[in-house]
2 protein chains.
Amino acid sequence: MWLKYIVNTYSFMTEHEMNTEQKILDAAKEVFQQKGMTGARMQEIADKAGINKALLHYYYRTKDKLFEKVFELAFSLFIPKVKEMMISDKPVFEKIEFFVENYLNLLQKHPYIPGFVISELNRNPEILVKIIGKNIQLKENNLLEKLERQISEEVVKGIIKPISAENLLTNVISLCLFPIVAKPILRGVLFENDEKMYEAFLEQRRDFVKEYIINSIKA
Amino acid sequence: MWLKYIVNTYSFMTEHEMNTEQKILDAAKEVFQQKGMTGARMQEIADKAGINKALLHYYYRTKDKLFEKVFELAFSLFIPKVKEMMISDKPVFEKIEFFVENYLNLLQKHPYIPGFVISELNRNPEILVKIIGKNIQLKENNLLEKLERQISEEVVKGIIKPISAENLLTNVISLCLFPIVAKPILRGVLFENDEKMYEAFLEQRRDFVKEYIINSIKA
DNA sequence: GTCTATACACTGATAGAC
DNA sequence: GTCTATCAGTGTATAGAC
C-alpha cells in the first residue's frame with residue numbers, strides 16, 4: 001500500500017485517491033506555511049482537508065514526511081524562473097527585466113512561500129540537502145560561469161559596469177524578495193502598519209526595482 | 001572581587017556568580033532563536049541555563065512571557081542604528097556609508113537575530129504591536145520626512161538622483177539583511193553550501209554594497 | 001480507503017518541601 | 001530561591017472495525 005511513494009507518480013491512482021491526497025497536500029501546505037513545521041498540528045491539517053487524522057498517516061506516514069513534501073513543492077516553485085533566466089541567451093538588461101517581472105508576479109501569487117522556506121531552512125538547513133538534486137544547482141550546469149562570461153563581454157562592449165555574477169544575482173533576489181519576507185517590519189516602520197499603503201508601495205516598486213538595477217550597472 | 005561587578009562581561013564570573021535571571025535569558029535567547037517559539041522547549045532552556053524547569057516559571061511565569069522578553073531584546077538591538085542614521089545631519093552618501101558599515105558589523109555579531117525576528121513576525125505579526133512604543137516608529141519623529149527633504153535638497157544641488165526615502169531605505173536594508181537571512185539558500189545555490197566561500201562572499205560585499213548603493217544614486 | 005478509539009510520550013505549568 | 005514530584009492537557013502515531 002506504500003507503492004505510490006516508490007513509484008512517485010499519480011498514474012496508478014484512482015481519481016478518488018488523488019483527490020484525497022491532493023486535499024491533504026493543499027491543507028498541509030496552508031497550515032505548514034502559516035504555523036511552521038513545529039507549530040503545525042496534524043489535527044488542524046486533517047480538519048482543513050475535511051478528513052480524519054488517521055488518514056493523514058495512511059497517506060504520509062509521519063508529520064516529517066508530509067512536511068518534506070510540502071517544503072519541496074514550495075521550494076521548487078521558485079527555482080525554474082531563476083534557471084530560465086540564467087539559461088536564456090538574452091542580454092543582461094533583458095535578463096534582469098525578465099527575472100524581476102516574472103519573480104514579482106510569482107511572488108504576488110505566493111507571497112508566503114519565501115518566508116516559509118527561509119524560516120524552515122534557518123531552523124533545519126539539512127532539509128536542503130534532501131531535496132537537492134531534484135532542484136538543480138547553478139554550479140552544476142555552469143550557469144553561474146555563463147552569466148559571468150556574458151557580463152564580461154558586455155563590459156568590454158561598454159554596455160555595463162563590472163560586477164560579479166554572484167553579487168548581481170544576490171542584489172536582484174534581495175531587492176525582490178526582502179520587502180515581501182520582511183513585510184511586517186517594513187510595513188510597521190515605514191507605513192505605521194497601514195496594509196494598503198504597503199501594497200501600493202510594493203506595486204510602485206515593480207517598475208522601480210527594474211529600473212534601479214539596470215541603471216545601477218549601466219556603463 | 002569587586003572588579004567583576006564593573007566589568008560588563010561574564011568572563012570574570014563563575015556560573016554560580018552569574019545571576020539566575022540573566023542565565024535564563026541567555027539560555028532562552030539561544031534556544032528560541034534556534035528553534036523558534038513553537039519549537040523551543042522549556043526543559044531545554046532550563047538545562048542550558050543549568051537550573052530546574054520550575055525555576056523558569058518562577059522568574060517568567062509563562063513560556064509566552066519569556067519569549068516576548070527575548071523577542072523584544074532581539075528586535076530592539078537592530079533599531080538604534082537605523083534611528084541614529086536618520087537623525088544625523090550627515091549628507092546622504094555619508095548616511096549610507098555609516099549605516100551599511102555599522103549594520104553589517106552588528107549583523108556579524110548577531111547573525112541569527114534578523115532571521116529569528118522575521119520568522120516569528122510572519123507567524124505572529126501581533127507581537128510587534130506589543131513592543132511598539134518602546135521602539136519608536138520613524139513616522140512619529142518625522143524621520144522619514146526629514147530624509148525625504150534631505151534627498152530633495154541634494155537632488156536640487158545635483159548630488160544625487162531622485163529616489164523616495166522609502167525606496168532608498170528598503171534597498172539599503174534589503175541588500176544588507178537578505179544575504180544573512182537567506183544564507184542557507186544563497187550559500188547552496190551560489191557556492192554549493194561551501195561555508196568558507198560564503199563567508200568570503202559576505203566579507204567582499206561589505207565594501208561592495210556601500211559603493212553599489214552610492215553609485216546607484218549618484219547624479 | 002476511511003473511520004473510531006486509544007496508546008503513550010511529552011509539554012507547560014503548579015504544589016509544596018526546604 | 002531552588003528543588004522534586006506531579007497534574008492536566010495535547011501531540012503524534014497506531015490498531016482494528018467496516
Side-chain angles (χ1 to χ4, degrees), chain A residues 1-71 120 123-124 127, chain B residues 5 10 13-71 120 123-124 127:
Chain A
M1 76 184 165
W2 306 113
L3 182 65
K4 51 174 159 292
Y5 300 110
I6 302 167
V7 171
N8 193 26
T9 174
Y10 301 132
S11 54
F12 294 116
M13 300 180 212
T14 69
E15 209 175 306
H16 191 211
E17 278 175 318
M18 210 162 86
N19 283 341
T20 302
E21 193 164 347
Q22 191 58 46
K23 272 195 297 183
I24 293 176
L25 221 49
D26 289 344
K29 179 184 149 190
E30 205 174 323
V31 176
F32 275 130
Q33 282 173 11
Q34 195 193 336
K35 308 277 178 75
M37 163 63 192
T38 55
R41 297 288 164 250
M42 295 297 266
Q43 184 62 60
E44 192 180 350
I45 296 174
D47 291 345
K48 197 151 285 186
I51 53 143
N52 192 276
K53 202 172 50 167
L55 209 51
L56 286 182
H57 290 91
Y58 174 77
Y59 279 96
Y60 304 87
R61 286 218 321 283
T62 64
K63 185 186 182 184
D64 277 295
K65 291 198 192 306
L66 179 54
F67 174 80
E68 270 175 36
K69 188 73 188 169
V70 168
F71 182 87
E120 299 301 328
R123 295 219 162 70
N124 179 17
I127 318 175
Chain B
Y5 295 109
Y10 304 135
M13 307 181 200
T14 69
E15 275 175 41
H16 282 287
E17 285 168 323
M18 223 167 95
N19 73 38
T20 305
E21 194 164 344
Q22 189 58 46
K23 273 197 298 185
I24 293 176
L25 221 49
D26 289 345
K29 178 184 151 190
E30 205 174 322
V31 176
F32 275 130
Q33 282 172 9
Q34 195 194 336
K35 308 277 177 76
M37 162 63 191
T38 54
R41 296 289 164 248
M42 295 296 266
Q43 184 61 60
E44 191 180 349
I45 295 173
D47 291 346
K48 196 151 284 185
I51 53 139
N52 191 277
K53 201 172 51 164
L55 211 50
L56 286 184
H57 290 90
Y58 175 78
Y59 280 94
Y60 304 86
R61 288 222 324 284
T62 65
K63 185 185 182 184
D64 277 294
K65 291 197 191 309
L66 179 54
F67 174 79
E68 270 175 36
K69 187 77 188 166
V70 169
F71 183 87
E120 299 301 329
R123 298 225 155 67
N124 180 16
I127 318 174

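In what follows, chains carry the letters A, B, and so on, assigned in the order in which the sequence lines appear, proteins first and then strands, with residues in each chain numbered from 1.
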Between P on D:dG1 and CD on B:Q22, what's the gap in Å once rounded to a whole number?
15 Å

Take atom CD1 of B:I45 and atom P of C:dC10, then tell me their distance rounded to the nearest Å.
18 Å

Return the value, rounded to whole Å, for the distance between atom CG of A:D47 and atom P of D:dT12.
12 Å

Could you list the residues that satisfy salt bridge (Lys or Arg N to Asp or Glu O under 4.0 Å) with B:K53, not counting sequence neighbours?
none

Taking only residues two or more places apart in sequence or in another chain, which ones pass salt bridge (Lys or Arg N to Asp or Glu O under 4.0 Å) with A:E68?
A:K130

Can you run down the side chain to side chain donor-acceptor pair (under 3.5 Å) pairs that involve residues 34-44 of chain A, sequence neighbours left out, and say none if there aren't any?
A:K35-A:E44, A:T38-B:T38, A:Q43-A:D47

Does D:dT2 have its OP1 or OP2 closer than 4.0 Å to a side-chain nitrogen or oxygen of B:T20?
yes

Verify whether one side chain among A:E120 and A:N124 offers a donor that lies under 3.5 Å from an acceptor in the other.
no

Of all residues at least two apart in sequence or in a different chain, which pass the ring-ring contact (aromatic ring centres under 6.0 Å, His included) check with B:F32?
B:F67

Is B:Y59 close enough to D:dT2 that one of its side-chain N or O atoms is under 4.0 Å from OP1 or OP2 there?
yes

What one-letter contact string describes nucleotides 12-18 of chain C from 5' to 3', where B marks a base within less than 4.0 Å of any protein heavy atom, S marks contact via sugar-phosphate atoms alone, and - marks no contact?
BBBB---

Integer-rounded Å distance: D:dT14 C1' and A:K65 NZ:
16 Å

Using whole Å, report how far OH of B:Y58 lies from P of D:dT4.
17 Å

Whole angstrom is fine here: how far is it from CG in A:L55 over to P in D:dA13?
15 Å

How would you list, by chain and number, every residue that makes a side chain to side chain contact (heavy atoms under 4.5 Å, CB included) with B:Q33, sequence neighbours excluded?
B:K29, B:A74, B:Y112, B:I113, B:F116

